[in-house]
Amino acid sequence: RNAPVEELPVVFESMLLQSDPGRLGKYLRVFSRRALPEFDSRLLQYFDHMNTDVRRLANMALSNYFHHEVRQLAIERLKRGRFLEDELPLLEKNYQVGDAAIIESAIEIPKSLHQLHGVIFELLGVFEANPVKESANAMYFVYEQSPCSNCRARAVRILLDTGGAQDWLLDECGHDSQEDTRYMVKIPDNDGD
């Protein structure tokens, strides 16, 4: 993890020699936090690995890159209804106009609140990195489904920044339990407050 950038390719080559999921996962942790100087398509082989942790870490590593192959994987998975294995972060750097509709069609509410919070966190990551008006439906989903007031506030911020905040939302947020959310939507009165 502390290797100089110029040594990362050596670490990557060592990772490619690993077959044990535990050892492979340790190498992938390095690349989930740090990108290689240039994208290496051999990283794609771990996207479909039989081990869940390896797949998750590979997705985290791939999310560091703006690359058409990474985008293609994300879109294919979302179109097939794969949504809960960290596919969304792949779009943070690879989002294109129109992707919101693909994301919306893939969204399912997981049974676990922990998984739901994870999906919401990933949705927020995609649309904070790509603040587009077409994110409105996804951000309303976050606002309505989130078990977390911080995530709701982040969704409101995106809606405000992209012009997607409806009047009812502004009114409701004016009475939110979280002070930051109330402050975000506060409309100054005639005295300039």
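Note that these values count all heavy atoms, side chains included, but never hydrogens, waters or copies made by symmetry. Residue numbers count from 1 along this sequence.
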Enter the distance from Asp176:CG to Ser149:OG here, rounded to the nearest 0.5 Å. 7.0 Å
When rounded to the nearest 0.5 angstrom, what distance separates CD in Glu122 from CG in Leu91? 10.5 Å
May I ask whether Ile109 and Val119 are part of the same hydrophobic cluster, defined by side-chain heavy atoms of I, L, V, M, F, W, Y residues being less than 4.5 angstrom apart, directly or through others? yes
Just so I know, are the side chains of Tyr65 and Ser63 near enough to count as touching, which here means a heavy-atom distance under 4.5 Å? no
Examine distances only and state if a side-chain atom of Arg55 and a backbone atom of His49 form a donor-acceptor pair shorter than 3.5 Å. yes
Once rounded to the nearest 0.5 Å, what's the spacing between atom NE2 of His68 and atom CG of Leu73? 10.0 Å
Please report the closest heavy-atom contact between Val54 and Pro21, naming both atoms and the distance. CG2-O, 3.7 Å
Is Gln18 reaching over with its side chain to a backbone N or O of Ser14, donor-acceptor style, under 3.5 angstrom? yes
Atom CD of Glu6: over 12 foreign heavy atoms under 6.0 Å: yes
Okay, side chain of Ser135, backbone of Ala138: is any donor-acceptor separation there less than 3.5 Å? no
Compare every heavy atom of His117 with every heavy atom of Cys151, then report the nearest pair and how far apart it is. SG-NE2, 3.3 Å
Give a yes or no on whether the backbone of Arg71 and the side-chain of Tyr95 come within a donor-acceptor separation of less than 3.5 Å. no
Grab the two heavy atoms, one from Ala153 and one from Thr181, that are nearest each other, plus how far apart they are. CB-OG1, 3.2 Å
Tell me the closest heavy-atom pair linking Ala136 and Leu159, and the distance in Å. CA-CD2, 3.7 Å
Whether the side chain of Tyr140 engages the backbone of Gly164 through a donor-acceptor N/O pair (distance < 3.5 Å, no angle test) should be reported. yes
Does this structure show an ion pair linking Glu13 with Arg42, if we count only N-O contacts that are shorter than 4.0 Å? yes
In Å and rounded to the nearest 0.5 Å, what is the CD to NZ distance from Glu87 to Lys79? 14.5 Å
Side chain to side chain contact (heavy atoms under 4.5 Å, CB included), that's the test. Do Asn51 and Leu24 meet it? Break it down for me. CA-CA 10 Å; Asn51 183 280; Leu24 183 56; over 6 Å; no
Could you tell me whether the side chain of Asn137 and the main chain of Glu104 form a donor-acceptor pair under 3.5 Å? no
Main-chain N/O of Gln96 paired with Asp99 side-chain donor or acceptor, under 3.5 Å: yes
Within this structure, what is the CD-NZ distance for the pair Glu179 and Lys186, rounded to the nearest 0.5 Å? 10.0 Å
If you look at every heavy atom in Asn59 and Leu90, which pair is closest and at what distance? O-CD2, 3.3 Å
Does the Arg152 side chain pair with the main chain of Tyr143, one donor and one acceptor, at a distance under 3.5 Å? no
Within a 6.0 Å radius of atom CD on Glu38, are there more than 12 heavy atoms belonging to other residues, nucleotides or ligands? no
Given the rule in the side-chain hydrogen bond (donor to acceptor under 3.5 Å, both in side chains) test, do Asn94 and Gln72 qualify, once you have shown the distances and angles that lead to the verdict? CA-CA 9 Å; Asn94 293 286; Gln72 182 180 348; over 6 Å; no
Kindly compute the distance separating CG (Leu57) from CG (Asp53), expressed to the nearest 0.5 Å. 6.5 Å
Please report the shortest heavy-atom distance between Ala35 and Asn64, naming the atom on each side. CB-CB, 3.8 Å
Arg29 side-chain N/O to Gly25 backbone N/O, donor-acceptor pair under 3.5 Å: yes
Could you check whether any side-chain N or O of Asp171 sits under 3.5 Å from a backbone N or O of Asp167, counting only pairs where one atom can act as donor and the other as acceptor? no
Exceeds 12 heavy-atom contacts within 6.0 angstrom, atom CZ of Arg23: no
I want to check a possible cation-pi pair here: Arg154 against Phe127, using under 6.0 Å from ring centre and within 45° of the ring axis as the test. no
Taking the side chain as every heavy atom from C-beta outward, state whether Phe39 and Leu62 have any pair of such atoms under 4.5 Å apart. yes
